[in-house]
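Residue numbering restarts at 1 for every chain, and letters A, B, ... go by the order of the sequence lines. In this text, all values refer to a predicted model and were calculated from it rather than measured experimentally.
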2 protein chains.
Amino acid sequence: MALGKDYATQDCSIARALEIVGERWTLLIVRDALYGVRRYNDFLVHLGIPRAVLAARLQTLTTEGILVKHRYQQSPPRDEYVLTERGTALWPTLRSLGLWGREHFGERKLRVFRHAGCGTELGAYGECPACGTVVPVADVEMVPGPGVDPHPADPVGRALLRPKRLLEPLEVEPA
Amino acid sequence: MALGKDYATQDCSIARALEIVGERWTLLIVRDALYGVRRYNDFLVHLGIPRAVLAARLQTLTTEGILVKHRYQQSPPRDEYVLTERGTALWPTLRSLGLWGREHFGERKLRVFRHAGCGTELGAYGECPACGTVVPVADVEMVPGPGVDPHPADPVGRALLRPKRLLEPLEVEPA
DNA sequence: CTCCTTGGTTCAGTGAACAGACTCACGATG
DNA sequence: CATCGTGAGTCTGTTCACTGAACCAAGGAG
């Protein structure tokens, strides 16, 4: 959000958190990272974010320890941005935010999250109603819901139509 | 966040939610409302937010059905802003965001949330570990934690030092 | 050598946030 | 009656961040 300066006076964990992930686009980048997006260009086309802002956000998220930059190819040098444990810890927040958005403002169910292996749809707090346990992020399977656009314009959106686990790297076919 | 325009292309409940509560200050206003703050001036002194921004946010939150403006006194006319059910439904999100902030960036525990009557501290998902149920927002008791500033500069901060239930109107002593 | 891809940086324009002064309605005070 | 104080805003000039478009660099591909 613009600047975090003023929140510093707040003496509150929520304000502290918002200083870091409260800026525009930041939580959407974390969401995409949870969905398996890792590369600069994939964030770019999927979010439609200005390049300068994306570069700034990736920089901030990296210095805050939410993403790590990892070179996955030497020549030409290519880096990918991967969530740390601190980053994946935002899953419950994003989950409840998304649930709130759909319940109160969205008509259609766009994505369904299930307990991989068990197949049961997750409850409101990310728990598996069948197993009675909180499902680790890596064991959450994401499948498209009935309301999703079946033909997204961007290749990242198309890649996300295939069922996959959270955090698992996304395979984007070249245009 | 600046404008919600661009998020509209996102086809995602999280983006939808952020269009509404993702702007700077908005979630802090909702947090204060959960804590029992209801009046324009109390939001103002507690948040240190520019007056024009506060007026704009209250307006937005009201038209989005998250707050309702309620006249509690005819002469002089005085209104208060009270959370709707849609607003209180943001509690799990704020709870997990605050937990994330404290675990990863805050050293001290500033506020403790307990199941009123039972006295047990809430778990990560707002449930009562003793009773095994999710605690309704109105049954959450907030008490100051060990790390809180014992002498806040503003009267609202001082009023929040007294244990109270969420949503219960805050009694601010006049300066 | 020239073009293309990836991952950026730079730049000017615009809109939002900021601090502080001003307004307005009403009640209380002298 | 004139003045002061308070709650709830609006107005104004400045600063700052977001935006879109252009530019840059390193390493293949043809």
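- By the 6.0 Å and 45° rule, B/R39 does not stack over the aromatic ring of B/Y72.
- Of the possible donor and acceptor atoms, none in the side chain of A/R86 sits under 3.5 Å from a partner among the backbone N and O of A/I66.
- The interatomic distance linking B/R24 (CZ) with C/dA19 (C1') rounds to 13 Å, in whole Å.
- The distance from atom CD of A/E80 to atom P of C/dT6 is 15 Å, rounded to the nearest whole Å.
- Here the P atom of nucleotide C/dA25 and the CZ atom of B/R71 are 13 Å apart, to the nearest Å.
- For the pair A/L44 CG and D/dA21 P, the interatomic distance rounds to 13 Å; values are reported in whole Å.
- Remark on DNA chain D: of its neighbouring residues A/P76 and B/P77, the 5'-side contact belongs to B/P77, judged by nearest-heavy-atom nucleotide.
- What separates CG of B/L54 from P of C/dA19 is a distance of 13 Å, to the nearest Å.
- A/F43 comes within 4.0 angstrom of nothing in the nucleic acid, heavy atoms only.
- A/W25 has its CH2 atom 8 Å from the P atom of D/dG20, to the nearest Å.
- Between A/Y72 and C/dT6, a side-chain N or O to OP1/OP2 separation shorter than 4.0 Å is absent.
- Regarding A/I49, its CD1 atom lies at a distance of 15 Å from the P atom of C/dG7, rounded to whole Å.
- In this model, the phosphate group of C/dG8 is approached by a side-chain N or O of A/K69 to a distance below 4.0 Å at OP1 or OP2.
- With C/dA17, D/dT10, C/dG7 as the choices, the nucleotide that has an atom nearest any side-chain atom of A/Y40 turns out to be C/dG7.
- With hydrogens and angles ignored, a donor-acceptor pair under 3.5 angstrom links the side chain of B/R51 to the base of D/dA8.
- Listed here is the closest heavy atom pair of B/L110 and B/G147: CD2-O, 3.4 Å.
- Side-chain to base pairing of A/R78 with C/dG7: no donor and acceptor N or O lie closer than 3.5 Å to each other.
- In terms of phosphate contacts, B/Y81 brings no side-chain nitrogen or oxygen within less than 4.0 Å of OP1 or OP2 of D/dG7.
- Pairing each heavy atom of A/T62 with each of A/K69, the nearest pair is CG2-N, 4.5 Å.
- A straight line from CD of B/Q73 to P of D/dT6 spans 15 Å, rounded to a whole angstrom.
- Note on A/V137 and B/L99: separate hydrophobic clusters, where clusters join Ile, Leu, Val, Met, Phe, Trp and Tyr whose side-chain heavy atoms are under 4.5 Å apart, directly or indirectly.
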